[in-house]
Amino acid sequence: MDRLFLKSVPILELIEEAGYEAYFVGGSVRDYILGRPINDVDIATSATPQEIKRIFPNTADIGIDHGTVLVITDTGTYEITTFRTESGYSDFRRPDAVQFVRSLTEDLQRRDFTMNAMAMDKTGKIIDPFNGKCDLAEKRIITVGNPHERFHEDALRMMRALRFVSQLDFELDQETFDSLKENAQIISEIAVERILVEFEKLVAGSNKIRAFSLLLESGLYQYLPLFSSKKDHLMDLLNLPLHQLKAAEIWSIIMVHTKDQEMEKALRAWKLPLKTIRNVKSTIQLVKKEPSAFDVFQAGHGVTVQAAKVRAALTGGNVSDAEEDAHRRYNELIIKQMSDLAVTGTDLLNWHQEKPGPWVKEYLENILKAVLNEELRNDKEEIKRWLVKCNLS
Ligand code: ATP
Ligand code: MG
């Protein structure tokens with residue numbers, strides 16, 4: 001068993017000693033069988049949240065309405081969720097009622113795909129009532145039960161299906177795909193924040209080209225912010241080396257032909273963090289020019305590399321070569337930050353006996369450009385002489 005599971009076995013034992021059942025469930029069991037790295041383990045139990053709180057002295061109610069209690073121990077923190085079923089789903093997204101149950105199978109049945117509906121006990125035995133292991137072996141994503149019903153219960157599952165295609169390099173079962181295509185429009189009932197979480201995982205996955213292709217083929221793209229007007233551009237993406245690009249680079253490619261104002265609106269509609277929005281905008285600006293040393297300085301290392309990769313991807317160039325080249329260009333900059341410049345605004349004010357004003361910034365920028373272009377050495381005396389020579393003093 002994986003180290004993370006072994007570390008959590010005493011937690012299962014404590015719950016069992018109190019007279020309840022406890023298992024590892026969900027993504028960690030799936031990834032363990034696949035031999036993929038495991039980041040966290042989810043534990044499901046027949047004990048109610050109140051019963052869990054009686055077993056463990058130190059807990060936090062992180063999602064107690066849905067049955068999840070955070071157990072804090074000396075060895076770590078563990079999310080423990082009571083077996084539950086869900087019913088209602090009148091709005092395609094949230095169950096109207098959550099019921100705690102004592103049966104593991106009922107809990108596994110509410111889960112989205114067969115590969116995510118397995119449990120493992122403390123000895124490593126797999127409990128697999130829906131044949132998830134077989135679907136894993138055949139790299140198949142298939143809903144637990146009728147896909148139409150399952151997507152109507154929670155439309156986010158359609159987006160999850162595509163992110164697993166990308167993440168695991170799996171295919172969708174035909175009936176599951178047909179149903180996804182038929183029900184695509186109900187994804188618009190889902191909060192963009194939840195869609196974004198899955199989309200970012202899709203974009204980070206190894207087979208994003210296949211996932212993008214299914215996003216288009218199923219029609220799901222039409223109901224995502226901005227995408228409905230971009231079918232041709234999204235189709236073009238399928239021919240690009242997306243596997244070599246990270247999330248911000250892919251966002252930049254998606255937005256590269258979008259006008260500035262519209263881009264801001266679209267990225268905000270996707271509820272991307274402001275930091276990412278700024279990053280994407282700077283990257284696109286740099287993609288559109290042959291950057292000078294000054295541009296590279298202003299953009300910084302991250303944006304310079306991203307822009308170089310995006311430009312190479314869009315123009316059929318070699319992405320890794322472009323990345324290396326951009327690293328080199330940045331590293332070769334004579335100065336990397338304003339404080340590396342041998343003169344400061346105060347020096348200029350002392351030399352010129354003039355009132356502070358916009359001229360200081362302008363002069364500094366001219367000096368900076370000359371130094372970056374290696375027309376001027378980054379040396380205080382030389383800069384002073386240069387200013388006199390250029391009539392800038
Ligand atoms: P990851 O490795 O990316 O965390 P995961 O499968 O663990 O993938 P989570 O979102 O962490 O995904 O969900 C944990 C488990 O909860 C899933 O494996 C699945 O059993 C269940 N689950 C999550 N979201 C849904 C959903 N929308 N509908 C039904 N079951 C879900
Ligand atoms: Mg998980």
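Counting convention: from 1, in listed order, for ligands and their atoms alike.
- The aromatic rings of Y363 and W359 sit perpendicular to each other, their planes meeting at more than 60°, with 30° as the lower class boundary.
- Comparing T143, V25, N116 against atom 20 (O) of ligand 1, the shortest heavy-atom distance belongs to N116.
- Using bins of under 30°, 30° to 60° and over 60° for the plane-to-plane angle, the ring pair F227/W251 lands in the tilted bin.
- For atom 30 (N) of ligand 1, the nearest protein heavy atom (residue, atom name, distance) is D112 N, 3.1 Å.
- Heavy atoms of E153 stay at 4.0 angstrom or farther from ligand 1.
- Atoms of ligand 1 found under 4.0 Å from any heavy atom of G26, numbered from 1 in the order shown, are 18 (O).
- Note that atom 11 (O) of ligand 1 has no protein non-hydrogen atoms nearby, at separations under 4.0 angstrom.
- For the pair D154 and ligand 1, the shortest N or O to N or O distance falls below 3.5 Å.
- For N279, the side-chain contact (heavy atoms from CB on, under 4.5 Å) partners two or more places apart in sequence, or in a different chain, are A248, T283, V303, Q306.
- Only the side chain of F164 comes within contact range of ligand 1, with a heavy atom under 4.0 Å; no backbone atom does.
- R111 NH1, 3.4 Å is the protein heavy atom nearest to atom 16 (O) of ligand 1.
- Residues L104 and Y20 do not share a hydrophobic cluster, clusters being chains of Ile/Leu/Val/Met/Phe/Trp/Tyr side chains in contact below 4.5 Å.
- In this structure, T59 contributes its side chain and F56 its backbone to no donor-acceptor pair below 3.5 Å.
- Here the heavy atom of the protein found nearest to atom 7 (O) of ligand 1 is G27 CA, 3.3 Å.
- Residues Q174 and D178 bring a donor and an acceptor atom of their side chains to less than 3.5 Å of each other.
- The closest protein non-hydrogen atom to atom 13 (O) of ligand 1 is R160 NH2, 3.8 Å.
- Scanning all protein heavy atoms for the shortest distance to atom 28 (N) of ligand 1 gives R157 NE, 2.7 Å.
- Relative to the ring axis of F294, K369 places its NZ or CZ within 45° and under 6.0 Å from the centre.
- Residues L240 and L245 share a hydrophobic cluster, clusters being chains of Ile/Leu/Val/Met/Phe/Trp/Tyr side chains in contact below 4.5 Å.
- Of the protein's non-hydrogen atoms, the one nearest atom 4 (O) of ligand 1 is K201 NZ, 4.0 Å.
- Of the heavy atoms in R163, only side-chain atoms (C-beta onward) come closer than 4.0 Å to ligand 1.
- At a 3.5 angstrom cut-off on N or O pairs, D42 does not count as close to ligand 1.
- Of all protein heavy atoms, the one closest to atom 2 (O) of ligand 1 is R30 NH2, 3.2 Å.
- Put simply, V319 and I253 are part of the same group of oily side chains (I, L, V, M, F, W, Y) that touch within less than 4.5 Å, one to the next.
- Placement of F24 and V144 in two distinct hydrophobic clusters is found when ILVMFWY residues are connected by side-chain heavy-atom separations under 4.5 Å, directly or transitively.
- Ligand 1 is never approached by R150 to a heavy-atom distance shorter than 4.0 Å.
- Ligand 1 does not have L156 within reach: every non-hydrogen atom of the residue lies 4.0 Å or more from it.
- Residue F113 places no heavy atom under 4.0 Å from ligand 1.
- One N or O on the side chain of E249 and one on the backbone of K246 form a donor-acceptor pair closer than 3.5 Å.
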